[in-house]
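Working notes, structure below.
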Protein chains: 2
Amino acid sequence: MYISARADYALRAMLAVADAAGTPGDAVTGGGELVKAASLAESQDIPLSFLQGILLDLRRAGLLHSHRGTEGGYALTRPPDEISVGDVLRAVGGAITSVRGIPADRAGYHGVATGLRDVWLAVDGAIALVVDRTTLADLLSDRATAP
Amino acid sequence: MYISARADYALRAMLAVADAAGTPGDAVTGGGELVKAASLAESQDIPLSFLQGILLDLRRAGLLHSHRGTEGGYALTRPPDEISVGDVLRAVGGAITSVRGIPADRAGYHGVATGLRDVWLAVDGAIALVVDRTTLADLLSDRATAP
DNA sequence: AGTATTCCTATTTAGTTGGTAGGAAGGGTG
DNA sequence: CACCCTTCCTACCAACTAAATAGGAATACT
């Protein structure tokens, strides 16, 4: 499995939003629930303008709610324990398993290679099992218990 | 998981070698156990010169045995039921799960994103479970039972 | 009105991937 | 030995994708 910079950044940004929103008294956010893109970029070392494109994807996928203006920023649309890693990956990356760029379930094999398609589908299922059962809340609590 | 053309071709070639070697009376191979690169390329629609580089990788990984000359060709070094899909993938691709090009187990996360590393390791383990328990023999017999 | 901020598009840059070409080295055959 | 055949190896090219940048709209608060 290849995790692109885009996917990696998206997850880190979502975690940072979840974390900031969960601590209302935080100094960086000024006590509000909305987190600015600039503060996300700084806390996780992500190029700001690149991050903005990613945040746009996440908003279009319905994972983030945004607000413009002076006191603008981003917030989760659902609680962290209802957003899985898989949700975020699919929002920025499309299909999780692909063969030469095309989705695994429509790979055209013939002759002796016919069985390969089933292998890729099994891999896809195994990955989905992991990323779909792990939520943002899980990742945040892991950090709390093992710093 | 992204399966590159290189990995895809490698698996198809290995299956074709296994299949040809398992049927000694085959017209294409002429009755010998060695299969020529040209015949592999044709049977699975793989560009010949590209395939040669892949076969070289497979040989260097110890999965294929080669012989030059007029009656040259390639053969498996082990029976098909002792070669897994994972063996072939690792021979041509390096690490199975990577974050931005670097192996998952040495991804440097900090702050709120610390837990991500464990997710990638879990994904890597889940993929390994699938590709390491599936052998070339499994794939060939699948084809025989469901043509 | 003015300012801060999100939003969106276009462009540049670097790296990887897929594929090709041409020969050198080794093996069989007359 | 001379000659074909096949694997081996290196260098190279073209296309594509990812990553990052820049600059300008649109929107909301003061």
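Note that the structure is a prediction, hence the values are computed from the model and not measured. Order of the sequence lines fixes the chain letters, A, B, ..., with proteins taken first and strands second; residue numbering starts at 1 for each chain. Worth knowing before you read on, the calculation uses all heavy atoms, side chains too, and leaves out hydrogens, waters and symmetry mates.
For A:L56 and D:dA26, the CG to C1' distance is 13 Å, given to the nearest whole Å. Rounded to an integer number of Å, the gap from A:I54 CD1 to D:dA18 P is 12 Å. When rounded to the nearest whole Å, the span between CG of B:L34 and P of C:dG28 equals 10 Å. In this structure, A:L48 places its CG atom 15 Å from P of D:dG23, rounding to the nearest Å. The CD1-P distance, from A:I102 to D:dT17, rounds to 13 Å in whole Å. Taking atom CG on B:D57 and atom P on C:dG19, their separation rounds to 15 Å, with Å as the unit. In this structure, CZ of B:R60 is placed 9 Å from P of D:dC8, rounded to the nearest angstrom. Between A:H65 atom NE2 and C:dT6 atom C1' there is a gap of 12 Å when expressed in whole angstrom units.
Across the interface with DNA chain D, nearest-nucleotide mapping of A:A5 and A:R68 shows A:A5 to be the residue nearer the 5′ end. Between A:T70 and A:S4, the one whose closest nucleotide on DNA chain D sits nearer the 5' end is A:S4.
Within the 4.0 angstrom heavy-atom criterion, only backbone atoms of the sugar-phosphate kind lie near B:A37; the bases stay farther away.
Among the nucleotides C:dG18, D:dC8, D:dT21, the one closest to any side-chain atom of B:R6 is C:dG18. Here the side chain of B:S49 is nearest to one of D:dT7, C:dA21, D:dC9, namely C:dA21. Distances were taken from every side-chain heavy atom of A:P47 (C-beta onward) to each of D:dC9, D:dT7, D:dA20; the shortest belongs to D:dA20.
With contacts defined as side-chain heavy-atom distances shorter than 4.5 Å, the pair A:Q52/A:L48 qualifies. Here the side chains of A:L116 and B:D8 are in contact, with some heavy-atom distance below 4.5 Å. Between B:Q44 and B:L15, the closest side-chain pair of non-hydrogen atoms is not below 4.5 Å.
Counting heavy-atom neighbours within 6.0 Å of B:E82 CD, excluding the residue itself, gives a total above 12.
Close to D:dT27, at under 4.0 Å from its OP1 or OP2, lies no side-chain N or O of A:H67. Contact annotation: A:R100 does not reach the phosphate of D:dC16 (side-chain N/O to OP1 or OP2, under 4.0 Å). Contact annotation: B:Y2 does not reach the phosphate of D:dA18 (side-chain N/O to OP1 or OP2, under 4.0 Å). The side chain of B:Y9 contributes an N or O atom lying less than 4.0 Å from OP1 or OP2 of C:dG19. Residue B:R59 has a polar side-chain atom (N or O) positioned under 4.0 Å from OP1 or OP2 of D:dC8.
Annotation: ring pair (Phe, Tyr, Trp, His ring centres under 6.0 Å) contacts involving residues 47-70 of chain A, sequence neighbours excluded, comprise A:Y9-A:F50.
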